[in-house]
There are 2 protein chains.
Amino acid sequence: MIKYQQIAIEIEKYIEDHALQQGDKLPVLETLMTQFQVSKSTITKSLDMLEKKGVVFQVRGSGIFVRRHKRRGYISLLSNQGFKKDLEDFNITSKVIELEVRKPTQEAAYNLNIELDADVYYVKRVRYINGQTLCLEESFYNKSIITYLNNEIVSESIFHYIREGLGIKVGFSDKYLHVDKLKEEEAKYLGLKKGEPGLYDETIFHLTNGQPFDFSKITYNYEQSQFFIQANSHFL
Amino acid sequence: MIKYQQIAIEIEKYIEDHALQQGDKLPVLETLMTQFQVSKSTITKSLDMLEKKGVVFQVRGSGIFVRRHKRRGYISLLSNQGFKKDLEDFNITSKVIELEVRKPTQEAAYNLNIELDADVYYVKRVRYINGQTLCLEESFYNKSIITYLNNEIVSESIFHYIREGLGIKVGFSDKYLHVDKLKEEEAKYLGLKKGEPGLYDETIFHLTNGQPFDFSKITYNYEQSQFFIQANSHFL
DNA sequence: TAGTGGTCTAGACCACTCA
DNA sequence: GAGTGGTCTAGACCACTAT
């Protein structure tokens, strides 16, 4: 494990274990340097990571402080994978509606940057949170990258399998959101009525080398889902 | 201007001026170091910023590549200020419904971390994009920080005034989103019908020292608004 | 003005990609 | 194995905060 990651993890763990609150002060750089026996740059890098993750904020001339948002049960829109992490305390389950190898739709081919006659794994699932319908999900996986899926994998966390089972490193993702009225079929799966609100999420996941491998369309049940995003002003 | 910021700006400008596309390769670190006459760490810092901003992605052993999402007209949920920036090509206007100093609601006091008898500027606006209603916005500004507002300021970009006029540095923000059916009054302002979908955004803006100064509640017209978020996997 | 974080350097060494 | 990005160091100096 890389030093700055390890340190970041330990600092975050320290904050959780001691139940520190927003605004609580962490030890100064000097102290952290000697405590972890690393150079200033390394500590700085750790803290930058934690700042980016929304765990701390640093104030020049003053100190390093804990950042905590006040609301629980919100899904992070930055997690870049399933929402397992944010909702650890909740019971997430899935029902697989469809799983097959097929040709991509035009939209999927475009977003995955593949030909119309390439193969994709098509997965359609309904996901539940504490027994309530959370969302309807349709995913297209580039089969030349995600070479194998089966019903068992797809019933659990697909991303866990991709990462651990296939050893694939996920790079970055582009997420597009909009709100609209539910169509008849979507409403049916979500246990809602046609015309009720739905949050539509389209996300394209890329490998570390920039190649798209997953195009997912998710429709959220508005009654069960709320989201949060922590932003920093560090980029203009 | 700090070196790494300046370099980041220049690289981004280079990408735009040359209309580089997703996957296009930038010069290698060595080249950038000599070109900008700075050390490796400085270039690295610039590139890390651009990576965080979703402008490039770096692949170890391979190179530095341009990252571009394909869709235009989406509002970035990370911009941490008005959406002026993303929608530069669009004509954003505002109609001020209400502007006054008052006592905060319980909710506003909680989120701004102030007493119920403190003073806040209350601003209610409808915002338009190309003449269509984009959103209804209610904001509470801690008056001990945002000491003065008037009708003219509030008709324009409030954040521009806060930054330039008051010289206040914005630190970070916590944004919470959910979807629901519009209430009668909200629908009226947005030119929609009661019960139609609405996207509700609550954001708390903080100073660089962590103090909240703005609590804003925005209801978006679902017909006019779409959003995007670029995520990196650099934090686990 | 003391304390604290931010920027920058020069250079060593490591880890991954790709031909 | 050559090329390229990532990690880490030790130390100088700068900029902001608090008192």
Side-chain angles (χ1 to χ4, degrees), chain A residues 1-9 11 23-52 56-67 145 167-172 206-211 232-236, chain B residues 1-9 11 23-52 55-67 145 167-172 206-211 232-235:
Chain A
M1 175 69 77
I2 301 162
K3 280 191 190 176
Y4 78 77
Q5 278 190 1
Q6 186 59 45
I7 292 170
I9 290 170
I11 292 176
D24 286 355
K25 196 166 185 296
L26 291 177
V28 301
L29 277 181
E30 184 70 32
T31 310
L32 293 172
M33 282 168 64
T34 59
Q35 179 177 334
F36 290 105
Q37 283 295 302
V38 292
S39 72
K40 186 174 175 179
S41 317
T42 304
I43 288 291
T44 298
K45 180 87 178 179
S46 300
L47 292 169
D48 285 350
M49 291 294 113
L50 291 175
E51 185 154 34
K52 184 163 120 186
V56 304
F57 62 94
Q58 301 178 75
V59 185
R60 191 204 289 245
S62 179
I64 304 151
F65 303 90
V66 173
R67 178 174 176 194
I145 299 170
I168 286 174
K169 271 171 282 182
V170 178
F172 53 89
H206 306 255
L207 302 178
T208 49
N209 71 8
Q211 195 179 358
N232 301 302
S233 71
H234 279 272
F235 49 106
L236 312 193
Chain B
M1 173 70 77
I2 300 161
K3 279 191 190 177
Y4 78 77
Q5 277 189 2
Q6 186 59 44
I7 292 170
I9 290 169
I11 292 177
D24 286 354
K25 196 167 184 295
L26 292 177
V28 300
L29 277 181
E30 185 71 30
T31 310
L32 294 171
M33 282 168 65
T34 58
Q35 179 177 333
F36 290 105
Q37 282 295 302
V38 292
S39 72
K40 186 174 176 178
S41 317
T42 304
I43 288 291
T44 298
K45 180 88 179 181
S46 300
L47 292 168
D48 285 351
M49 291 295 114
L50 290 175
E51 184 155 33
K52 185 163 120 185
V55 175
V56 304
F57 61 95
Q58 300 177 75
V59 185
R60 192 203 294 245
S62 180
I64 304 151
F65 304 89
V66 173
R67 177 173 177 194
I145 300 170
I168 286 174
K169 271 172 282 182
V170 178
F172 53 90
H206 306 254
L207 301 179
T208 49
N209 71 7
Q211 196 180 357
N232 299 303
S233 71
H234 279 273
F235 48 106

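The figures here come from the full heavy-atom set of this structure, side chains too, leaving out hydrogens, waters and symmetry mates. Chain naming here is simple, since letters A, B, ... match the order of the sequence lines and numbering starts at 1 in each.
OP1 or OP2 of D:dT9 sits under 4.0 Å from a side-chain N or O of A:Ser39. One finds no side-chain N or O of B:Tyr4 lying less than 4.0 angstrom from the OP1 or OP2 phosphate oxygen of C:dC8. For D:dT9, the OP1/OP2 oxygens have a side-chain nitrogen or oxygen of A:Thr42 closer than 4.0 Å. Of the side-chain N and O atoms in B:Gln58, one or more sit less than 4.0 angstrom from OP1 or OP2 of D:dG6.
Distance A:Lys3 NZ to C:dA15 C1': 16 Å, rounded to the nearest Å. With rounding to whole Å, A:Asn209 atom CG is found 12 Å from C:dA19 atom P. The distance from atom CG of B:Leu29 to atom C1' of C:dC16 is 14 Å, rounded to the nearest whole Å. Going from atom NZ of B:Lys40 over to atom C1' of C:dT9 covers 13 Å, rounded to whole Å. Remark: C1' of C:dG6 and CD1 of A:Ile43 are 15 Å apart, rounded to the nearest angstrom. Between A:Glu30 atom CD and D:dA12 atom P the separation is 14 Å, expressed in whole Å. Across the protein-nucleic acid pair, A:Leu47 atom CG and C:dT7 atom P stand 13 Å apart, rounded to whole Å. Rounded to a whole Å, the CD atom of B:Glu51 is 7 Å from the P atom of D:dG6.
Nucleic acid contact for A:Ile64: sugar-phosphate only, since backbone atoms but no base atoms lie under 4.0 Å from a heavy atom of the residue.
Comparing A:Met1 and B:Lys169, the nucleotide of DNA chain D nearest to each residue sits closer to the 5' end for A:Met1. Along DNA chain C, the nucleotide closest to B:Ser41 and the one closest to A:Thr208 are compared, and the more 5′ of them pairs with B:Ser41.
Residue A:Glu30 qualifies as open at atom CD: its count of foreign heavy atoms under 6.0 Å is 12 or below.
Taking the six-membered ring where tryptophan is involved, the planes of B:His206 and B:Phe172 are essentially parallel, since the angle between them stays under 30° and well short of 60°.
Taking 4.5 Å as the limit, some side-chain heavy atom of B:Gln58 sits within range of a side-chain heavy atom of B:Glu51.
When each of A:Leu29, A:Asp48, A:Thr31 is tested with A:Ile43 by the rule side chain to side chain contact (heavy atoms under 4.5 Å, CB included), just one qualifies, namely A:Leu29.
Rounded to the nearest 0.5 Å, atoms CE (B:Met1) and CD1 (B:Ile7) are 11.5 Å apart.
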